[in-house]
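Worksheet: the structure to be examined is printed underneath.
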Amino acid sequence: MRSRWTVLAALFVARATIAFQFQSVAAIAPQLSQGLGASLADIGVLIGLYFAPGALLALPGGAIGRRYGDKVVVLAGLLMMLAGELLMTTSTSWSAQIAGRLTAGIGGVLLNVLMTKMVADWFAGREIATAMAIFINSWPAGIAAALMLLPAIGATLGLHAVNLAVVGVILIGLGLIALVYRAPDAAVAVEGERSSLTADTICAVIAAGLIWCLYNIGFAMIFSFGPSMLVEQGWSGAAAGSTISIVLWLAALSVPLGGFLADRTRRGEVILVTGCIAFALLTLLLSRSGTVLPVVIALGILCGLPAGPIMSLPARVLEQKARPIGMGIFYTVFYAGMLAGPAIGGKLSTSVGSASAALDFGAAVLLACPAVLWFFRRMVAGHHWQQADIRRA
């Protein structure tokens, strides 16, 4: 019998492959721009396209997994990620890059929506907070690995080798899910009548999804355009990518720390607001400071603190039976915003003539998070959710 921690490790690596593939464009943006003759705005569009399928597939994703089985759909998603990357490898034409990115994005959506449920199946009622914190950290870990490895591979072996490196990472994730993952012997299924969503609940879930979206756009501006900003200042591509990756490695520590502090102090909203404001101010400072390394370290320490409190918001308003559709709404908002965010950042950078404009945009959306949280609290105050249901979340 496989330990649930072994299963979590396999899911961690599989989700990290999504982050690795997503970051593969931004990590080599200067080289890719030169090789494809693309502007920063074009690169921003290519980055954002990875999330485009999510706006349509997040909502029915859970139903697809229920019909065909979580493991089967996740394996199919990994195969689509593999096919998309191979398509981008075969041709340097812009149409092939777009088609490959969209194909890979469809696979990534299926993984992202279903694997969260798979973790819950194994850890429901036991170490669920710890397991989710570890699982969430697979994203910054995958991003950081891409920033560490891909610029150096691209500089040494070329763009084709970068695509092949991504293919290799996806194959590792595919093998682990195929060989290691199995459904738990006693998976908990929600039974009984369906629970409807009220208008207040839907608005609250949309607000929570928007906060998660804005927070991740701010995060994405750092690792998507931070390396290009440092290259503009005279850094090499490899050095710029390695330096920005420090933010992601430290975030892997600060994400669970933020969740622990929120649970311990019961001040999750305070940590959310304080963390987002500090994150925004340090993002503004990054493009204006001559001492990059201290700012990068401070960013890494503080940027992950709001993640846990933000992800706890949907559980405050969703009854157990309403969670599948509720989380579908949550992820739909997230994916729709993440499609637009990088494209806006790239467009602003092209208009201003510097990647620092994307970082300023990231700071602005982070500062909007407390305002959306105020709206979320208004929705919660306007409707009474039974405390028993909230505790069961």
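Scope of the values below: all heavy atoms of this structure, side chains included, with no hydrogens, waters or symmetry mates.
Atom CD1 of I98 sits about 9.5 Å away from atom CE of M88, to the nearest 0.5 Å. Separating the CD1 atom in I211 from the CZ atom in F330 is a distance of 9.0 Å, to the nearest 0.5 Å. Taken from CD1 in I217 to CD1 in I344, the straight-line distance is 7.0 Å, to the nearest 0.5 Å. Atom CG of L302 is separated from atom CD1 of I277 by 12.0 Å, given to the nearest 0.5 angstrom. Expressed to the nearest 0.5 Å, how far CG of L299 lies from CG of L285 amounts to 8.5 Å. Separating the OG atom in S287 from the CG atom in L230 is a distance of 10.0 Å, to the nearest 0.5 Å.
Using a 4.5 Å heavy-atom threshold, the side chains of L87 and T90 count as touching. Under the 4.5 Å side-chain criterion, counting only non-hydrogen atoms from C-beta, V109 is not in contact with F51. Side-chain atoms of F225 and F361, non-hydrogen and from C-beta on, never get closer than 4.5 Å to each other. Here the side chains of P294 and I297 are not in contact, with every heavy-atom distance at 4.5 Å or above. Within the 4.5 Å cutoff, the side chain of L250 has no heavy atoms near those of the V296 side chain. The side-chain heavy atoms of T332 and L56, taken from C-beta on, include no pair separated by under 4.5 Å. Side-chain atoms of P342 and S224, non-hydrogen and from C-beta on, never get closer than 4.5 Å to each other. At least one side-chain heavy atom of P309 sits less than 4.5 Å from a side-chain heavy atom of I271.
A donor-acceptor pair is defined here as one N or O able to donate and one able to accept, closer than 3.5 Å; no such pair exists between the side chain of D70 and the backbone of M118. Formation of a donor-acceptor pair under 3.5 Å by the S289 side chain with backbone atoms of L286 is not found in this model. For Y215 (side chain) and C303 (main-chain N/O), a donor-acceptor pair under 3.5 Å exists by modelled atom type. Proximity of a side-chain donor or acceptor of S254 to a complementary backbone N or O of L257 within less than 3.5 Å is not detected. Although no hydrogens or angles enter the test, the distance criterion places no donor-acceptor pair under 3.5 Å between the side chain of R378 and the main chain of W374. Judged purely by atom type and a 3.5 angstrom limit, K71 uses its side chain to pair as donor or acceptor with the backbone of A178. Remark: the backbone N or O of I43 is not paired with any side-chain donor or acceptor of S33 at under 3.5 angstrom.
The two residues D42 and W94 come nearest to each other via the heavy atoms O-CH2, 3.4 Å. Heavy atoms only, all atoms of each residue included: G226 and L359 are closest at N-CD1, 4.0 Å. The heavy-atom pair separating L305 from I301 by the smallest distance is CG-O, 4.0 Å. Across S354 and E232, no two heavy atoms sit closer than the pair OG-OE1, 3.0 Å. Nearest heavy-atom pair, M338 versus A220, reported as atom, atom and distance to 0.1 Å: CE-CB, 4.0 Å. Across all their heavy atoms, V166 and S24 have their closest contact at CG2-CB, 3.7 Å.
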Check: residues 138-157 side-chain donor-acceptor pairs under 3.5 Å, at least two apart:
| from | atom 1 | to | atom 2 | distance (Å) |
| --- | --- | --- | --- | --- |
| S138 | OG | R15 | NH1 | 3.1 |
| S138 | OG | F135 | O | 2.6 |
| T156 | OG1 | A152 | O | 2.9 |

Side-chain donor/acceptor pairs under 3.5 Å, residues 78-86, sequence neighbours excluded:
| from | atom 1 | to | atom 2 | distance (Å) |
| --- | --- | --- | --- | --- |
| E85 | OE1 | Q21 | NE2 | 3.0 |
| E85 | OE2 | N163 | ND2 | 2.7 |

Worked check of side-chain contact (heavy atoms from CB on, under 4.5 Å) between L174 and L75: CA-CA 6 Å; L174 184 66; L75 288 173; 3.7 Å; yes

Stepwise side-chain contact (heavy atoms from CB on, under 4.5 Å) check, V45 with K347: CA-CA 9 Å; V45 169; K347 185 67 175 177; over 6 Å; no

Derivation of the side-chain contact (heavy atoms from CB on, under 4.5 Å) call for T17 and L171: CA-CA 9 Å; T17 64; L171 286 173; over 6 Å; no

T201 vs T198, side chain to side chain donor-acceptor pair (under 3.5 Å): CA-CA, chis, key distance, verdict: CA-CA 5 Å; T201 305; T198 66; 2.7 Å; yes

Worked check of side-chain contact (heavy atoms from CB on, under 4.5 Å) between V317 and D200: CA-CA 9 Å; V317 298; D200 283 344; over 6 Å; no

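Taking the six-membered ring for Trp and thresholds of 30 and 60 degrees, F334 and Y331 have ring planes more than 60 degrees apart, a perpendicular arrangement. Classification of the F219-F279 ring pair by plane angle, with boundaries at 30° and 60°, yields perpendicular.
Transitive grouping of hydrophobic side chains (ILVMFWY, heavy atoms separated by less than 4.5 Å) keeps V380 and V270 in distinct clusters. Connection of V72 to Y181 is not established within any shared hydrophobic cluster, with ILVMFWY side chains joined at heavy-atom distances below 4.5 Å, either directly or through further cluster members. Cluster annotation: V365 is connected to V273 through the hydrophobic network of ILVMFWY side chains, with a link wherever side-chain heavy atoms come within less than 4.5 Å. V231 and V25 are not part of a single hydrophobic cluster, where members link through side-chain heavy atoms under 4.5 Å apart. Both Y68 and L59 sit in one connected hydrophobic cluster of ILVMFWY residues. Membership requires side-chain heavy atoms under 4.5 Å apart, directly or through other members.
Counting only residues at least two apart or in different chains, side chain to side chain donor-acceptor pair (under 3.5 Å) contacts with residues 96-107 are absent.
Using a 3.5 Å distance cut-off with no hydrogens or angles, the side chains of Y335 and N112 do pair a donor with an acceptor.
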